[in-house]
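Note on naming: letters A, B, ... go to the chains in the order of the sequence lines (proteins, then strands), and numbering restarts at 1 for each one. Note that the structure is a prediction, hence the values are computed from the model and not measured.
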Amino acid sequence: MQTIITVFQAFGETIGRLWDVSGFANMQLNQLGMILISFVLLYLAIAKKFEPLLLLPIAFGMMMSNLPMGGVIHMEFFSPDYIKELGYADGTLFAVNELISKGGLLDFLYLGVKLGIYPPLIFLGIGAMTDFGPLLANPKSLILGAAAQFGIFLTFLGALFLGFTPDQAASIGIIGGADGPTAIFVTKTLAPELLGAIAVAAYSYMALVPVIQPPIMRALTSKKERNVVMGQLREVSRKERILFPIIVTVIVALIVPDALTLVGMLMLGNLLKESGVAERLVKTASNELMNIITIMLGVSVGATATAETFLRVETLMIIVLGVIAFGFSTASGVLIGKVMYKVTGGKINPLIGSAGVSAVPMAARVSQKVGQQENPNNFLLMHAMGPNVAGVIGSAVAAGILLALLK
Amino acid sequence: MPIVSLTHWTQQFSTPGEQAFLGITMMLVGVLLVLTILVLISFAVGLMSNLISKPSKKESENTAPISKQPEVVKQNPIVSAQAAAGNDQAVIAAIAAAVQMMMQNEGSAGANAGFRIRSIRRV
């Protein structure tokens with residue numbers, strides 16, 4: 001009898017121990033909330049196809065890091081307070097020994113974010129895929145790309161007024177650039193504690209470009225302006241295409257060295273493409289490398305969105321400020337487009353101004369779509385690609401300026 | 001609400017009024033700098049285009065009269081005939097590939113569509 005009792009006791013103890021270390025026993029309400037949020041993001045990525053290439057890994061990383069007892073990422077290894085407490089020298093970016101001895105896969109993948117490796121490599125791929133021809137054919141479209149960055153700085157100001165620190169405000173404002181890698185690049189340096197919220201907001205709004213932009217575009221333009229049919233773009237020579245990335249890199253690096261990493265890699269990718277002598281590298285940069293980095297970036301950024309860092313009032317404020325930033329960027333692009341319409345005597349359709357936000361090529365497609373709703377024979381896509389790719393340069397430059405001022 | 005903890009040169013702007021001043025200044029400087037850099041790039045691109053297009057215009061002006069010269073006389077007829085024949089083979093191959101791909105896409109014929117392009121005539 002005693003033996004049977006002992007067996008049952010041992011069985012009970014074993015099951016109890018397993019229960020104690022299981023996720024069910026350790027699940028907290030806020031973690032459950034985060035898992036539900038990740039399910040919503042997974043739904044948006046899979047069913048609604050909202051930026052699925054990044055939103056899906058982000059959502060899955062978020063889910064994994066919030067499943068209790070999983071321990072897939074240890075954000076404390078990257079916390080300045082924890083690093084200082086362990087006695088590391090000032091300026092140490094992560095707890096090296098702890099990371100090596102106890103770190104998991106996502107801790108190591110997160111190093112690519114922390115050290116600022118992933119965003120420039122994504123820019124390399126973007127550069128290898130981007131055709132700057134429309135921009136070279138109409139260099140004035142660079143002004144539209146610059147105008148669309150106004151939202152970044154206006155939101156920076158708004159966030160400051162709401163009580164965010166300048167570093168946090170800059171990271172929130174950069175959402176207005178509609179450029180995920182740039183937003184991550186700035187945030188990991190200035191406000192790593194907001195990385196999860198800002199990445200989710202940035203990529204969600206990039207996916208919502210076709211929803212957010214058209215009402216603003218229609219509200220700010222007249223029927224006559226939307227009907228403007230723009231002339232054929234000139235052909236751009238190979239020499240121009242090759243010289244452009246070199247010129248941009250030198251100019252940007254001399255004025256804002258902090259933007260060099262992003263702009264330089266973007267232009268390197270483009271030079272590889274336009275040179276026509278590095279086909280294999282172009283293929284790797286724009287396909288395999290880009291895809292690998294996208295997975296690593298998405299999962300590790302998503303994993304930073306833990307319940308403690310995400311479920312806060314600030315996240316809600318970031319999401320609201322993000323959409324304001326995006327709206328202002330769109331509006332300022334369209335308004336400068338209207339100025340150019342007046343200056344050129346009605347040769348420029350102001351709708352292409354909204355493409356100055358750097359969601360490539362979605363923002364350009366929105367310009368085309370809104371233009372065709374007025375005039376089905378109007379083809380604005382190639383004209384809108386100019387401001388669109390200028391927006392990529394513009395947001396990277398804006399990021400460099402913010403980093404130079406606040407780093 | 002976020003905790004305001006300034007640890008930078010921005011630290012000296014601690015009161016709400018000073019922070020507002022800092023924010024407005026940074027906003028204006030930032031916008032102007034982005035605009036300046038992109039306008040500068042725009043000018044550089046325009047300049048580059050002009051510099052590149054000028055010599056090519058000159059080249060085309062210079063080459064235009066040359067093209068009126070009776071070059072055919074200088075050419076070796078055997079070599080040019082061989083070149084044309086070689087070029088025709090390439091053109092035939094390209095047309096055959098395009099037709100076959102089109103037929104496959106339409107599902108009207110398989111890979112062995114049973115057609116052959118024997119010759120082409122330049123019009």
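Atom OG1 of A:T330 is separated from atom CZ of A:F150 by 13.5 Å, given to the nearest 0.5 angstrom.
The backbone N or O of A:T304 sits less than 3.5 Å from a side-chain atom of A:T309, completing a donor-acceptor pair.
In terms of non-hydrogen atom pairs under 4.5 Å with chain A, the most contact-rich of B:L35, B:I24, B:L40, B:V31 is B:V31. Among A:L243, A:V236, A:V248, the residue with the largest count of heavy-atom pairs under 4.5 Å with chain B is A:L243. Your options are A:G145, A:G173, A:A146, A:A169, and the one with the most heavy-atom pairs under 4.5 Å with chain B is A:A146. Top candidate by heavy-atom pairs under 4.5 Å with chain A, chosen from B:V39, B:L28, B:L33, is B:L33.
Within the 4.5 angstrom heavy-atom criterion, only side-chain atoms of A:I247, from C-beta onward, approach chain B. Contacts between A:Q149 and chain B at a heavy-atom distance below 4.5 Å involve the side chain alone, from C-beta outward. Of the atoms belonging to A:L154, heavy atoms from both backbone and side chain fall under 4.5 Å from chain B. Residue contact with chain B, scored on non-hydrogen atoms closer than 4.5 Å, involves the backbone of A:A390 exclusively. If you measure heavy-atom distances from A:L136 to chain B, the contacts under 4.5 Å come from both the backbone and the side chain.
The side-chain tip of A:K188 points at the ring of A:F185 from less than 6.0 angstrom away and within 45° of straight on.
Residues A:K140 and A:M340 form a side-chain contact, since some pair of their non-hydrogen atoms from C-beta on lies under 4.5 Å apart.
Partners of A:F310 under the side chain to side chain contact (heavy atoms under 4.5 Å, CB included) rule, at least two apart in sequence or in another chain, are A:M34, A:I37, A:M62, A:A197, A:V200, A:A305, A:T315. When the salt bridge (charged side-chain N to carboxylate O under 4.0 Å, His left out) test is applied to A:R312, no partner is found at least two apart in sequence or on another chain. With sequence neighbours excluded, the residues satisfying ring pair (Phe, Tyr, Trp, His ring centres under 6.0 Å) with A:F132 are A:F244.
Contacts between residues 397-407 of chain A and chain B, counted as heavy-atom pairs separated by less than 4.5 Å, involve A:V397, A:A398, A:I401, A:L405, A:L406, A:K407.
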Practice item. Apply side chain to side chain contact (heavy atoms under 4.5 Å, CB included) to A:F164 and A:E314, showing your working. Key: CA-CA 9 Å; A:F164 285 96; A:E314 288 98 307; 3.8 Å; yes
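Contact between A:V357 and A:A178 at its shortest, heavy atoms only, is CB-CB, 4.1 Å.
A salt bridge between A:E240 and A:R234 is present, with a side-chain N of the basic residue lying under 4.0 Å from a carboxylate O of the acidic one.
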